[in-house]
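Everything on this sheet refers to the single structure shown next.
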2 protein chains.
Amino acid sequence: MNNPDHSLESLHSKNIKPSYPRIKILEYLMNNHTHPTVDEIYLALVEEMPTLSKTTVYNTLKLFLDNELIKSISIENNESRYDATIHTHGHFKCECCGDIYDFDMNVDGLLSGDLHGFTIIEKSIYFKGICKKCSLRS
Amino acid sequence: MNNPDHSLESLHSKNIKPSYPRIKILEYLMNNHTHPTVDEIYLALVEEMPTLSKTTVYNTLKLFLDNELIKSISIENNESRYDATIHTHGHFKCECCGDIYDFDMNVDGLLSGDLHGFTIIEKSIYFKGICKKCSLRS
DNA sequence: ATATGTGCAAACTGTTTGCAGCCGC
DNA sequence: GCGGCTGCAAACAGTTTGCACATAT
């Protein structure tokens with residue numbers, strides 16, 4: 001579990017005013033590395049903050065993205081997912097249960113350096129398949 | 001340029017009735033490896049086929065996907081792109097001009113075999129950055 | 001008092017669905 | 001004539017935008 005102050009520090013380090021929704025959303029992302037969708041974040045927090053709106057979640061996530069506090073993940077084209085992990089890693093999405101797992105793989109070693117004049121800013125590695133849980137169940 | 005018969009053969013091999021829209025859409029994907037969106041495919045073909053509808057493009061692409069004639073690509077979460085190339089390769093999307101380039105990289109060698117019970121069905125490698133053209137221009 | 005954050009409602013985009021007409025065999 | 005292909009129109013989901021109210025300094 002992450003220390004609650006962690007999100008506060010991060011906000012300060014980027015000069016983002018630490019409003020209550022912002023703290024809570026960042027905290028949620030730091031504590032839950034489940035790559036949640038906007039909807040999941042909203043539903044998880046609206047209980048505790050009944051006035052929270054999805055617009056605020058969208059606004060806040062965009063702010064975090066711009067300040068590189070979080071990353072957005074697009075494995076599937078219809079759903080945007082978010083993650084507060086900074087270092088790049090691989091993702092595995094189970095086509096059966098939909099869960100997304102992290103893979104600790106060295107992405108940096110992959111095709112870095114000069115690529116005929118192409119500058120690489122971001123690398124993404126996505127796998128799809130059947131996870132352990134699901135293959136044992138069938 | 002691809003031989004026009006190529007698409008016909010592919011349709012036959014999957015037992016898909018070769019209707020005019022189907023031939024044309026598959027032909028377009030085989031001749032244009034630009035990873036087009038549904039809109040781009042539609043706009044490119046509607047001139048020649050004025051009655052073509054986007055629904056047909058969607059239907060047809062879904063049919064091709066189910067029969068593994070094409071692949072769908074999701075670098076950005078809002079746009080689905082399609083490609084008729086069978087063998088997996090890396091993609092590079094320029095954040096400046098939006099063009100997508102192919103990378104011939106050996107994806108198969110990456111983390112294959114048994115992964116603690118996870119079965120990998122599909123591997124995707126996406127890079128983002130600035131392409132040669134754009135970095136020379138600035 | 002001013003600037004900024006929040007959140008409702010409406011607009012918008014990409015995609016899916018229901019259904020009626022059409023075509024080929 | 002039948003099954004399946006096509007395509008209009010409407011529904012739908014995720015996201016964005018406009019704007020008014022609230023809040024903090």
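Letters A, B, ... are given to chains in the order of the sequence lines, protein chains preceding strands, and every chain is numbered from 1. Because the structure is a prediction, the values reported are computed rather than measured.
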(message) What's B:T37 touching, base or sugar-phosphate or nothing? Going by heavy atoms closer than 4.0 Å.
(response) nothing
(request) With the side chain of A:Y58 defined as its heavy atoms from C-beta on, choose the nearest nucleotide among D:dT15, C:dG14, D:dG18. (result) D:dT15
(request) Would you kindly give the OH-to-C1' distance between A:Y42 and D:dT15, to the nearest whole Å? (result) 15 Å
(message) Can you tell me if A:S19 touches the phosphate of C:dT4, counting only side-chain N or O atoms and a distance under 4.0 Å to OP1 or OP2?
(response) no
(message) Output the rounded distance in Å from CG (A:L61) to P (C:dG5).
(response) 15 Å
(request) Examine A:Y101 together with A:F127 and report whether their ring centres are nearer than 6.0 Å. (result) no
(request) Report the distance from atom CD1 of B:I25 to atom C1' of D:dG7, rounded to the nearest whole Å. (result) 12 Å
(message) Between B:T56 and D:dC5, is there a contact of a side-chain N or O with OP1 or OP2 at under 4.0 Å?
(response) no
(request) Look at the side-chain N and O atoms of A:T55 and state whether any lies under 4.0 Å from the OP1 or OP2 oxygen of C:dT6. (result) no
(message) Between B:K17 and B:N59, which residue's closest nucleotide on DNA chain D lies nearer the 5′ terminus?
(response) B:K17
(request) Please determine, for the side chain of B:R22, which listed nucleotide (D:dC5, D:dC8, D:dT15) has the closest atom? (result) D:dC5
(request) Would you indicate whether the side-chain heavy atoms of A:T37 and A:Y82 approach each other to under 4.5 Å? (result) no
(request) Tell me what B:D39 touches on the nucleic acid: a base, only sugar-phosphate, or nothing, going by heavy atoms under 4.0 Å. (result) nothing
(request) Using atom CG of A:D66 as one end and atom P of C:dG5 as the other, report the distance to the nearest whole Å. (result) 13 Å
(request) Figure out the CG/P separation between B:L11 and D:dC5, and round it to whole Å. (result) 12 Å
(request) Please report, rounded to the nearest Å, how far the P atom of C:dT13 is from the CD atom of B:E40. (result) 16 Å
(message) Quick one, B:S74 and A:I75 - any side-chain contact, counting heavy atoms below 4.5 Å?
(response) no
(request) Please round to the nearest 0.5 Å and tell me the distance separating atom CG of B:D39 and atom OG of B:S80. (result) 12.0 Å
(message) Rounded to whole Å, how long is the line connecting atom CD1 of A:I23 with atom P of C:dG5?
(response) 13 Å
(message) Here's one to test your reading of the geometry: is the NZ or CZ of B:K54 within 45 degrees of the ring axis of B:Y42 and under 6.0 Å from its centre?
(response) yes
(message) Nearest whole Å is fine: how far is D:dC5 P from B:N15 CG?
(response) 12 Å
(request) On DNA chain C, check which nucleotide each of B:N78 and B:K62 is closest to and give me the residue with the more 5' one. (result) B:N78
(message) Please tell me if B:T51 has a side-chain N or O lying less than 4.0 Å from either OP1 or OP2 of D:dG7.
(response) yes
